[in-house]
Engineer: 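One structure coming up, written as structure tokens, with questions to follow.
We name chains A, B, ... by the order of the sequence lines, and we start the count at 1 in each one. These numbers come from the heavy atoms of this one structure, side chains and all, not from hydrogens, waters or symmetry mates.
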2 protein chains.
Amino acid sequence: MITINDVAAHAGVSTATVSRVLNGKSTVDQQLADRVLVAAKELGYRRNGLARNLRRQSTAVLALIISDVENPFFTAIARGVEDIAQEAGYSVVLCNSDDNADKEARYVDVAVSEQVAGVIVSPTTAEPNFAPLRDAGVPIVAVDRPVPGPPTDTVLVDSRLGARQATEHLLGQGYTTVACLTGPRGVPTADDRAAGHRDALRAAGLRAPAALTKRAEYRASGARSATVELFRGRTRPDAVLVANNAMAIGTLQALRELGLRPGSDVGVVTFDEAPWTTLIDPPLTVVAQPAYDIGSHAVRMMLDRIAEPDRDVRTTTLHTALVERASSVR
Amino acid sequence: MITINDVAAHAGVSTATVSRVLNGKSTVDQQLADRVLVAAKELGYRRNGLARNLRRQSTAVLALIISDVENPFFTAIARGVEDIAQEAGYSVVLCNSDDNADKEARYVDVAVSEQVAGVIVSPTTAEPNFAPLRDAGVPIVAVDRPVPGPPTDTVLVDSRLGARQATEHLLGQGYTTVACLTGPRGVPTADDRAAGHRDALRAAGLRAPAALTKRAEYRASGARSATVELFRGRTRPDAVLVANNAMAIGTLQALRELGLRPGSDVGVVTFDEAPWTTLIDPPLTVVAQPAYDIGSHAVRMMLDRIAEPDRDVRTTTLHTALVERASSVR
DNA sequence: TTGTAGGCGTTATCAA
DNA sequence: TTGATAACGCCTACAA
């Protein structure tokens with residue numbers, strides 16, 4: 001391995017000069033600088049990031065811990081994070097916690113011991129533990145869901161309002177019994193969707209019986225059986241608001257099995273835009289979340305925090321957009 | 001920051017002993033070991049990964065460079081990589097090259113300077129340059145596409161055969177003019193699909209006119225316009241084989257615009273399984289690729305290579321499975 | 001402007 | 001078995 005010592009020797013200067021040149025520091029005589037650059041190139045010098053990290057006690061790496069790599073919502077966030085981070089000279093390492101507290105904890109550990117410059121995280125369902133990050137002074141930005149504990153920079157989506165608007169839209173289309181299929185109790189985004197649904201029913205002067213809100217894992221399989229139960233139950237709905245992308249797939253499968261056609265038989269609105277929503281028949285009405293923007297905002301917040309560790313903690317709330325298609329029209 | 005020096009002082013032993021205990025090395029007197037453990041816990045000691053990395057000249061991190069985080073095929077690979085790597089005690093950092101040679105090069109640089117233990121990569125379209133990795137002795141495993149240059153451990157899918165089988169299936173269903181919509185010329189997976197398509201036509205005693213093979217970027221938008229051209233061209237096909245997931249979406253959009261119904265009007269088979277393929281009407285026949293297995297195989301290969309750097313270079317080829325649904329039946 | 005030299009926290013070598 | 005100590009490669013006071 002070629003080190004700055006080799007380069008220094010080859011260029012006939014000191015290691016300090018080499019370091020300065022390589023980092024564009026202070027004013028080094030142009031001639032010397034050139035000699036260093038030439039020597040470095042001739043020798044095929046490559047900086048040893050490990051040594052630099054140790055010396056600097058930090059890295060130009062941001063960790064992004066998301067709960068599901070296979071969910072387009074999160075990969076869109078990842079893209080937003082990556083694009084902006086790249087511009088700022090940071091690398092992004094993507095960690096998939098799989099909504100599993102253990103995996104999440106492991107990545108948190110790695111983030112601390114490898115001293116990443118910051119962690120952007122969408123916390124898992126279970127009670128997450130970010131104390132190690134806090135203790136080590138690693139900046140945290142939460143996305144999609146707030147983190148419990150001390151105030152933390154956060155980027156959220158107003159999904160309560162999004163759910164409310166979607167429900168109102170369904171009611172406005174003449175559906176009378178709008179159900180809500182959402183995620184597990186205690187998951188903020190799941191509870192928000194349920195609350196928005198309730199808001200809309202109440203505002204319309206309707207009762208909001210518990211039987212109209214159904215909970216399942218944020219996955220297709222859970223949503224499928226939950227949908228079947230919902231439409232076989234006593235208070236049979238004529239419309240449903242589904243809380244995310246993955247669940248939407250399960251719900252649509254279930255409706256097909258039940259012989260119910262979206263739109264004409266059952267009004268359907270789901271959270272999250274996806275490439276296939278216009279391909280199905282009828283096309284799916286969605287509550288589109290600004291996933292990419294969540295990511296880009298989160299990085300900007302992180303960069304601000306790194307630049308100014310003592311600044312006030314902020315929470316940014318972005319908004320959803322209802323995209324009306326045929327699945328919510330009779 | 002608490003260091004092993006602090007722990008050593010607190011436990012009344014040397015740093016060497018602390019290090020040994022913390023790494024489960026050699027046989028340390030049980031009593032001393034206990035004292036060290038207690039001291040570490042009391043002080044809230046956390047290992048500094050940076051220092052360890054520098055000293056060891058290596059990290060327990062694998063880099064996975066994929067060309068599109070938003071493509072389910074690659075995220076499924078990622079999951080396979082991650083699951084197995086975790087078991088073996090490696091962390092995985094996911095890098096999204098966006099099929100952009102510059103981004104890829106940047107990640108390669110980072111991988112070298114941060115001295116990751118290995119790089120698993122699906123090379124970009126453009127001529128990739130992995131010389132820095134090779135020079136630094138970082139093991140490489142290629143997935144999905146071979147890398148140019150010296151022999152490299154590789155996990156491929158026999159997509160030529162997959163394409164052939166899909167084409168034969170369409171011909172067997174009575175479609176007579178089967179087109180192939182594939183990726184850019186020079187991209188191995190794209191060329192393989194075209195070749196498999198040709199193989200099937202020839203084996204059936206048919207001519208394989210160039211007009212039946214259309215190329216576009218591996219994206220929905222390109223596939224959309226390419227499909228329109230294909231079906232408005234002179235040799236109008238009555239079936240089409242589409243080369244990937246993202247393109248499938250564009251093709252299906254185009255067919256709808258053209259008023260052509262999959263199955264009855266146009267036989268459609270696409271590469272890659274996706275959650276929505278059963279939701280559309282009619283359900284989509286696909287050439288399913290074993291994406292998860294690609295990832296898990298790649299990691300195993302990597303672990304073997306790390307354990308035994310001089311072993312023979314291997315290429316593993318996995319196979320596709322044709323999943324017949326209604327889009328390829330009249 | 002340039003060079004010297006110390007230290008970042010850990011592991012591994014060598015003595016004891 | 002344990003301890004002292006020298007690296008690992010880089011950056012940065014501080015001195016010249």
Side-chain angles (χ1 to χ4, degrees), chain A residues 1-37 39-40 43-61 109-110 112-117 135-138, chain B residues 1-37 39-40 43-61 109-110 112-117 135-138:
Chain A
M1 162 172 275
I2 312 294
T3 74
I4 55 172
N5 293 294
D6 302 321
V7 176
H10 197 257
V13 299
S14 74
T15 61
T17 299
V18 174
S19 175
R20 285 192 272 255
V21 171
L22 262 26
N23 291 289
K25 281 288 173 63
S26 66
T27 36
V28 179
D29 184 88
Q30 190 57 48
Q31 223 169 346
L32 275 197
D34 289 345
R35 249 162 58 200
V36 168
L37 261 15
L43 264 35
Y45 169 79
R46 303 186 69 91
R47 121 156 86 229
N48 182 325
L50 266 34
R52 150 184 274 224
N53 293 342
L54 174 59
R55 176 59 228 235
R56 290 224 181 143
Q57 299 288 25
S58 80
T59 60
V61 173
D109 262 5
V110 172
V112 172
S113 68
E114 300 292 330
Q115 300 185 324
V116 299
D135 294 347
V138 178
Chain B
M1 163 173 272
I2 312 294
T3 74
I4 56 171
N5 293 293
D6 303 321
V7 176
H10 197 258
V13 298
S14 74
T15 61
T17 299
V18 174
S19 176
R20 283 191 275 255
V21 172
L22 263 25
N23 290 289
K25 283 284 175 61
S26 66
T27 36
V28 179
D29 183 88
Q30 190 57 47
Q31 223 170 344
L32 274 198
D34 289 345
R35 248 161 60 201
V36 169
L37 261 13
L43 264 37
Y45 168 79
R46 303 187 68 91
R47 130 184 330 146
N48 182 324
L50 267 34
R52 151 181 273 219
N53 293 342
L54 174 59
R55 178 60 229 230
R56 288 226 182 138
Q57 299 288 30
S58 78
T59 61
V61 173
D109 262 4
V110 172
V112 172
S113 67
E114 300 291 329
Q115 296 182 277
V116 299
D135 294 347
V138 178

Engineer: Do A/Glu114 and B/Asn53 have a side chain donor and acceptor closer than 3.5 Å?
Structural biologist: yes
Engineer: How close or far is atom P of C/dT1 from atom CZ of A/Arg35, stated in whole angstroms?
Structural biologist: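 Rounded to the whole Å, the gap is 16 Å.
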Engineer: Run through A/Asp6, A/Val36, A/Asn23, A/Leu32 and flag the one making a side chain to side chain contact (heavy atoms under 4.5 Å, CB included) with A/Val18.
Structural biologist: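 Result for side chain to side chain contact (heavy atoms under 4.5 Å, CB included) with A/Val18: A/Val36.
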Engineer: Let me confirm one number: the CG-CG distance from B/Leu54 to A/Leu54, rounded to the nearest 0.5 Å.
Structural biologist: 5.5 Å
Engineer: Please identify each residue that fulfils side-chain contact (heavy atoms from CB on, under 4.5 Å) with B/Asn5, with sequence neighbours left out.
Structural biologist: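 B/Thr3, B/Thr15.
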Engineer: I need a per-nucleotide contact map over nucleotides 9-16 of chain C, read 5' to 3'. Cutoff is protein heavy atoms under 4.0 Å; write B for the base, S for backbone only, - otherwise.
Structural biologist: BBBB----
Engineer: Answer with base, sugar-phosphate or nothing: what part of the nucleic acid does B/Leu50 contact at a heavy-atom distance below 4.0 Å?
Structural biologist: nothing
Engineer: So, using side-chain hydrogen bond (donor to acceptor under 3.5 Å, both in side chains) as the criterion, who are the partners of B/Gln115 when residues are at least two apart?
Structural biologist: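 Here the qualifying residues are A/Asn48.
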Engineer: Between B/Thr17 and D/dT2, is there a side-chain N or O to OP1/OP2 distance below 4.0 Å?
Structural biologist: no
Engineer: Quantified as the angle between the terminal helix axes (five pairs each), what is the overall bend of the helix from C/dT1-D/dA16 to C/dA16-D/dT1 to 10 degrees?
Structural biologist: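 The two end axes of the helix from C/dT1-D/dA16 to C/dA16-D/dT1 meet at 40°.
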Engineer: Can you pull the salt bridge (Lys or Arg N to Asp or Glu O under 4.0 Å) pairs that have at least one residue in residues 48-58 of chain A, sequence neighbours excluded?
Structural biologist: none
Engineer: Mind checking the CZ-OG spacing from B/Arg47 to B/Ser19? Nearest 0.5 Å is all I need.
Structural biologist: 8.5 Å
Engineer: Mind checking what makes side-chain contact (heavy atoms from CB on, under 4.5 Å) contact with B/Leu37, not counting sequence neighbours?
Structural biologist: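 Partners of B/Leu37 by the side-chain contact (heavy atoms from CB on, under 4.5 Å) criterion, ordered by chain and then number, come out as B/Val21, B/Leu22.
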